[in-house]
Amino acid sequence: MAPRRQYWLLKSEPDAFSFDDLLAAPKRTTCWDGVRNYQARNTMRDDMKVGDGVVYYHSNAKPPGVAGFAKVVREGYPDPTQFEKGHAHEDPKADLADPRWMMVDIQAVQAAERFVSLDELRGVKALEGMALLQRGQRLSVQPVSAAEWKALARLTGVPQAALSV
DNA sequence: GCCAACGTTGGC
DNA sequence: GCCAACGTTGGC
């Protein structure tokens, strides 16, 4: 039996790497490096599987919101930037033999037909319980339920079929 | 630029 | 192991 597909939300600052940047990337794919939070690391290392759906969220944007959808194309592996001398994400305590920070690769699937702002998300009943909308939630990698995924597809004007990759 | 919320660090 | 100080996130 095929494992059940799961869904995740990844935050990115569009000034640094927007959904359009992902669409323009080779194979519309990027590695999700730079995450330096243990909970987010654990999710990428243990839980994100090839084929899982990814909601691409623009944070620190005007306005913040959902810009598109992607999928996981490679499961957790060491983030090389932790070992790069002078790199902004270098971690001097990281051990080559036992890397501390992990990342996944994601590939763009479909841009939102309509960008849906955080403000609008907050008004949607079906999204009440969404991790993103909980007070004090700052994680850059978060779970999304199947029901939330469906609601987000509807809100962004993207047919379910386009996302059932 | 402000600041609330939260995570990490390091002295003890 | 506590907890104050500090750093970061991210909406506003």
Side-chain angles (χ1 to χ4, degrees), chain A residues 6-25 30-48 52-72 76-106 108-145 147-149 151-158:
Chain A
Q6 298 189 90
Y7 306 94
W8 311 97
L9 179 144
L10 296 185
K11 293 181 186 173
S12 182
E13 305 197 8
D15 287 349
F17 198 79
S18 68
F19 191 76
D20 281 345
D21 292 332
L22 181 59
L23 286 172
T30 191
C31 59
W32 207 251
D33 61 11
V35 173
R36 294 295 180 268
N37 170 282
Y38 287 105
Q39 200 178 335
R41 186 277 311 266
N42 293 347
T43 299
M44 291 197 293
R45 184 190 59 194
D46 304 332
D47 301 329
M48 295 177 79
D52 280 359
V54 171
V55 177
Y56 201 102
Y57 178 83
H58 282 176
S59 63
N60 248 324
K62 295 174 184 177
V66 173
F69 298 88
K71 63 178 178 178
V72 177
Y77 64 108
D79 176 347
T81 64
Q82 69 192 302
F83 302 118
E84 283 176 28
K85 289 275 171 284
H87 192 283
H89 295 136
E90 181 196 2
D91 182 346
K93 292 180 185 167
D95 177 1
L96 254 178
D98 183 20
R100 176 179 295 198
W101 303 112
M102 309 289 276
M103 62 185 188
V104 297
D105 288 356
I106 66 165
V109 171
Q110 173 76 49
E113 203 58 47
R114 192 175 71 83
F115 180 88
V116 179
S117 70
L118 175 61
D119 193 50
E120 185 176 348
L121 295 176
R122 288 194 194 285
V124 178
K125 189 79 177 167
L127 300 179
E128 264 179 2
M130 196 177 170
L132 178 75
L133 305 183
Q134 306 314 303
R135 178 179 176 79
Q137 180 54 265
R138 300 185 317 174
L139 273 179
S140 62
V141 179
Q142 307 182 354
V144 172
S145 74
E148 289 159 1
W149 174 264
L152 290 168
R154 180 176 53 78
L155 285 162
T156 53
V158 174

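Letters A, B, ... are given to chains in the order of the sequence lines, protein chains preceding strands, and every chain is numbered from 1. This is a predicted model, so every value here is computed, not measured.
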What is the distance, rounded to the nearest whole Å, between atom [atom1] of [X] and atom [atom2] of [N]?
X	N	atom1	atom2	result
A/Gln39	B/dC6	CD	P	12 Å
A/Asn42	B/dG7	CG	P	13 Å
A/Leu10	C/dT9	CG	C1'	16 Å

Notebook entry, point to check: So which heavy atom on A/Ala16 is nearest to which on A/Asp21, and how close?
Noted result: O-OD2, 4.2 Å
Notebook entry, point to check: Minimum heavy-atom separation for A/Phe115 to A/Ala67, with atom names?
Noted result: CD1-CA, 4.0 Å
Margin query: By the definition side chain to side chain contact (heavy atoms under 4.5 Å, CB included), identify the one residue from A/Leu127, A/Leu9, A/Val116, A/Val158 that meets it with A/Leu152.
Written below: A/Leu127
Note to self: Between C/dT8 and A/Arg138, counting only base atoms on the nucleotide and side-chain atoms on the residue, is there a donor-acceptor pair under 3.5 Å?
What the structure shows: yes
Taking only N/O atoms, report every protein-nucleotides 10-12 of chain B pair under 3.5 Å with atom names and distance.
none

Next item on the list: Before accepting this row, confirm whether a basic side-chain N of the pair A/Arg36/A/Asp79 lies closer than 4.0 Å to the acidic partner's carboxylate O.
Entry: yes
Check: Quick one: CD1 on A/Ile106 to CH2 on A/Trp8, what's the gap to the nearest 0.5 Å?
Finding: 14.0 Å
Item checked: Nearest-nucleotide 5' precedence on DNA chain B, A/Arg100 against A/Gly136 -> A/Gly136
Next item on the list: Could you name each residue pair satisfying salt bridge (Lys or Arg N to Asp or Glu O under 4.0 Å) that touches residues 111-122 of chain A, not counting sequence neighbours?
Entry: A/Arg114-A/Glu120
Margin query: Please report whether the ring centroid of A/Trp101 lies less than 6.0 Å from that of A/Tyr77.
Written below: no
Check: For DNA chain C, which residues in residues 55-62 of chain A have a heavy atom at a distance below 4.0 Å?
Finding: A/Tyr57, A/Ser59, A/Asn60
Check: Is there a side-chain contact between A/Tyr56 and A/His58 (heavy atoms, below 4.5 Å)?
Finding: yes
